[in-house]
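The structure appears right after this line, and notes come after that.
Scope of the values below: all heavy atoms of this structure, side chains included, with no hydrogens, waters or symmetry mates.
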Amino acid sequence: MTAIDWIVLFGTLIFIVSYGVWKTRGEQNMDNYLKGGSDSKWWLIGLSIMATQASAITFLSTPGQAYTDGMRFIQFYFGLPIAMILISIFFLPLYYKAKVYTAYEFLEKRFDVKTRMLAAMIFLVQRGLAAGITIYAPAIILSALLGWPLQLTTVVIGVLVIIYTVSGGTKAVTQTQKQQMAVMMGGMIVAGILVITSLPQNVGFTDALHVAGKMGKLNVVNFEFDLSDRYNFWSGITGAVFLFMSYFGTDQSQVQRYLSGKTLKESRMGLMMNGLLKVPMQFVILFIGVMVFVFYQYNQPPIFFNEAVRQEVLLNEAFGDGFKDIEVRYTSVFEEKKEVVQLLNRAIAEKNELMIETARYELNRLQDNSDRLRVQAKEMIAEALPNREINDKDYIFMNFVTSTMPVGIVGLLFAVIFSAAMSSTSSELNALGSTTTIDFYKRKIRQEASQSHYLKSSKWFTLGWGVLAIIFASTLSLFENLIQAVNLIGSLFYPIVLGIFVVAIFIKRVKGNAIFIAALLSQAVVIFVHYLNTQGLAGPLTMGFLWYNAFGCILVMLLSWLIHLFTPSS
């Protein structure tokens with residue numbers, strides 16, 4: 001990066017942190033710190049909700065997901081508007097009527113204290129894990145791209161977030177997320193425009209769409225029903241609906257965003273804003289990944305996108321020559337492919353259907369050869385450097401940025417990643433601190449204390465969770481894909497909490513003991529099913545992890561009802 005890029009990066013980060021601290025200076029109380037004074041307008045709530053979900057993982061992994069797998073990941077978000085409507089109708093009024101600080105307070109009013117504690121504990125476990133991932137995900141990639149030590153990058157992200165989150169609480173999180181969303185969306189729009197303008201002069205936008213389509217990257221909708229498929233239309237409007245209801249309706253990191261609303265109407269409008277804008281936002285980010293793929297049909301892509309690891313294996317005495325040989329063959333295939341792509345462009349311009357079909361077949365055959373060589377390269381890396389991560393999906397977009405983007409834009413896009421990491425992590429730490437204070441400390445340890453005492457406690461708990469997140473982030477290793485890792489963790493734990501809330505709202509006869517036992521049993525079953533799936537032991541019942549959300553929630557409802565029937569007093 002140039003000096004200008006560094007100035008853009010650190011100038012943006014320092015401004016955001018300073019703004020958050022400055023906007024929340026002065027006297028504070030519990031309502032201000034945990035609910036932002038309950039005076040947020042709908043558009044600010046909507047931006048905060050979107051910024052909380054749009055972690056650095058979104059901007060790092062999603063383009064790489066599209067590069068390797070096309071647009072089909074967008075189907076995951078098809079159920080989001082449905083979930084927002086259901087939460088606005090059924091969940092929000094209950095939270096406002098109960099005047100709660102956390103979602104889990106409502107469960108004690110409906111069931112009992114142990115059910116409240118169970119739901120809060122599940123939240124702390126899964127969100128504590130997610131907080132570590134949201135710090136670690138950008139840190140490991142940024143450290144490789146910037147040449148920083150991983151531990152330093154992790155600490156920088158964590159400390160920046162801790163400063164304003166501990167200082168200003170919910171209001172600081174909400175206020176800074178305005179700036180962060182502006183940086184994130186502005187940066188990605190600029191990146192999208194520059195990707196398209198970086199294509200060869202004789203290749204227009206329509207030509208790029210044709211190439212992407214013929215190579216199977218514009219696979220937006222798949223109506224084929226397949227339980228083992230993670231992303232299709234049916235999983236998007238069923239399993240994903242349950243996941244989004246869990247996340248936005250019962251996860252305190254999101255509930256805390258809209259509980260800061262001035263009125264119930266403002267909170268509902270904020271949720272609807274998220275439901276309407278999130279799908280187009282994800283579509284744009286995925287489309288950028290597809291355009292990066294098209295760009296690399298005309299420009300030589302690296303065989304492995306983590307350049308630091310690639311250089312390391314090239315210098316390895318035992319494997320360096322073999323790796324170079326794979327790269328030579330990879331380049332040869334690319335040159336063939338480049339000629340076929342140009343042939344396809346001419347065929348489309350001439351509307352020669354036979355030539356189009358011939359070029360399409362040959363292009364995809366060569367792409368398969370290219371993909372096989374990338375697999376061989378990864379296998380060699382795994383053998384030569386067994387402690388290095390061979391999945392490079394999450395490096396694709398930022399590798400493209402650093403190698404092709406002009407001065408200043410590189411710094412801006414690094415600022416996008418840092419801002420996204422800070423926005424989601426701040427919401428998580430804020431919620432973890434609030435839940436620990438309200439649902440555990442105030443409820444069980446110090447039931448009678450002053451508001452100022454609980455305010456200080458909340459700050460200390462937030463700080464503690466921040467430190468734990470940094471420590472946890474320092475012990476992680478990459479999953480298959482970071483965005484899938486976050487969705488997997490959510491799919492293991494969210495459905496149980498959602499099931500508890502659904503029973504609380506709709507199945508009035510079920511009492512505390514029945515729901516408590518049902519939740520414990522269901523959590524064990526979901527984890528066991530995931531174990532069977534990962535070990536290949538589920539056979540025809542193998543399901544993609546998005547289906548866990550519907551399965552787990554329905555299981556809680558069913559078991560709690562059965563337990564109630566056989567033990568009516570529970």
Side-chain angles (χ1 to χ4, degrees), residues 1 57 60-61 63-69 133 136-154 215 289 292-293 295-340 363-404 410 417 473-485 534 536:
M1 293 214 304
I57 297 166
L60 287 169
S61 287
Q65 180 83 11
Y67 183 98
T68 57
D69 201 31
I133 292 176
Y136 173 79
I140 191 167
I141 295 167
L142 291 170
S143 65
L145 295 170
L146 295 173
W148 293 3
L150 176 58
Q151 295 283 17
L152 173 63
T153 314
T154 301
M215 300 188 73
V292 170
F293 174 82
F295 172 86
Y296 279 127
Q297 303 312 303
Y298 301 95
N299 300 272
Q300 172 77 60
I303 194 168
F304 191 72
F305 284 92
N306 186 339
E307 182 60 22
V309 172
R310 175 181 168 272
Q311 290 295 333
E312 196 173 348
V313 75
L314 283 172
L315 295 174
N316 187 293
E317 291 184 4
F319 294 91
D321 290 340
F323 194 82
K324 288 177 185 176
D325 179 62
I326 295 175
E327 284 194 321
V328 169
R329 285 183 281 148
Y330 184 73
T331 300
S332 176
V333 172
F334 167 75
E335 293 298 335
E336 287 185 65
K337 189 151 59 84
K338 185 177 178 181
E339 291 180 7
V340 177
L363 188 56
N364 283 288
R365 184 187 69 80
L366 290 169
Q367 183 62 42
D368 289 341
N369 291 344
S370 181
D371 291 340
R372 279 193 290 270
L373 288 169
R374 266 178 48 81
V375 170
Q376 289 180 31
K378 291 179 181 181
E379 290 172 349
M380 185 170 288
I381 291 171
E383 189 176 355
L385 308 169
N387 295 323
R388 299 293 184 272
E389 176 54 48
I390 63 169
N391 174 39
D392 64 342
K393 278 184 187 178
D394 300 311
Y395 291 84
I396 291 172
F397 178 62
M398 291 309 292
N399 183 285
F400 167 80
V401 167
T402 55
S403 61
T404 63
V410 176
I417 306 304
S474 302
T475 63
L476 282 170
S477 61
L478 275 175
F479 291 75
E480 176 189 350
N481 180 256
L482 294 171
I483 198 164
Q484 291 182 6
T534 56

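- Proximity of the aromatic rings of Y330 and F323 is defined here by a centroid distance below 6.0 angstrom, and this criterion is not met.
- Between the side chains of Q367 and K337, a donor-acceptor pair is found at a separation under 3.5 Å.
- Of the possible donor and acceptor atoms, none in the side chain of D69 sits under 3.5 Å from a partner among the backbone N and O of Q65.
- Here the side chains of I396 and T68 are in contact, with some heavy-atom distance below 4.5 Å.
- Side-chain contact between F304 and Q311 is absent, with no heavy atoms from C-beta onward closer than 4.5 Å.
- No side-chain donor-acceptor contact under 3.5 Å links S332 to the backbone of V328.
- By the neighbour-count criterion of 12 heavy atoms within 6.0 Å, atom CD of Q300 is densely surrounded, having more than that number from other residues, nucleotides or ligands.
- Residues T153 and P149 are not in side-chain contact: their nearest non-hydrogen atoms beyond the backbone lie 4.5 Å or more apart.
- Taking CG from L373 and OG1 from T331, the interatomic distance works out to 9.5 Å, rounded to the nearest 0.5 Å.
- When side chains are defined from C-beta on, Y67 counts as touching P301, because their heavy atoms get closer than 4.5 Å.
- Listed by first and then second residue, the salt bridge (Lys or Arg N to Asp or Glu O under 4.0 Å) pairs involving residues 324-333 are R310-E327, D325-R329 (not counting sequence neighbours).
- Between F400 and F293 there is no side-chain heavy-atom pair separated by less than 4.5 Å.
- Here side-chain hydrogen bond (donor to acceptor under 3.5 Å, both in side chains) pairs that include residues 376-386, with residues two or more places apart or in two chains, are K378-D392.
- Residues F397 and S61 are not in side-chain contact: their nearest non-hydrogen atoms beyond the backbone lie 4.5 Å or more apart.
- By the 4.5 Å heavy-atom criterion applied to side chains, F319 and L314 are not counted as neighbours.
- Around CD of E317, the count of heavy atoms belonging to other residues, nucleotides or ligands within 6.0 Å does not exceed 12.
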